[in-house]
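Note sheet for the following structure.
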Amino acid sequence: MTPFGWLVTAFALFMAGVCLFTYVQIERHAHQTRQRRLARERDVIVQQYQQTP
């Protein structure tokens, strides 16, 4: 393989890594947001239950 071919291959692998990293970060953020929303809903239910005489 020519040096240019190695360069193209290395760049393609680098870009694949960047895409994978970005995907993981997006999914991680979505999961954290979902967990926060569920925790907030659970807190509201607990507060309503504690206020009931």
Side-chain angles (χ1 to χ4, degrees):
M1 194 184 284
T2 65
F4 183 72
W6 284 112
L7 184 67
V8 169
T9 303
F11 183 72
L13 289 173
F14 173 73
M15 290 308 295
V18 168
C19 290
L20 179 64
F21 176 79
T22 303
Y23 172 76
V24 167
Q25 293 302 313
I26 290 170
E27 287 298 314
R28 194 167 154 245
H29 180 263
H31 177 72
Q32 287 176 345
T33 302
R34 203 166 28 250
Q35 293 298 102
R36 280 193 205 107
R37 183 176 45 83
L38 290 173
R40 235 180 290 128
E41 291 173 0
R42 186 176 55 241
D43 289 345
V44 168
I45 291 171
V46 168
Q47 286 175 357
Q48 289 173 349
Y49 177 75
Q50 288 174 345
Q51 290 175 356
T52 305

In short, side-chain hydrogen bond (donor to acceptor under 3.5 Å, both in side chains) pairs touching residues 11-27 with sequence neighbours left out are Q25-R28
R34 meets the side-chain contact (heavy atoms from CB on, under 4.5 Å) criterion, sequence neighbours left out, with A30, H31, R37
Partners of L13 by side-chain contact (heavy atoms from CB on, under 4.5 Å), sequence neighbours excluded? T9
What's the verdict on side-chain contact (heavy atoms from CB on, under 4.5 Å) for Q48 and V44, showing C-alpha distance, side-chain angles and the deciding distance? CA-CA 6 Å; Q48 289 173 349; V44 168; 3.7 Å; yes
Please report the C-alpha distance between V8 and F4 in whole Å, then the side-chain angles of each, then the deciding distance to 0.1 Å, and finally whether the side-chain contact (heavy atoms from CB on, under 4.5 Å) criterion is met. CA-CA 6 Å; V8 169; F4 183 72; 3.7 Å; yes
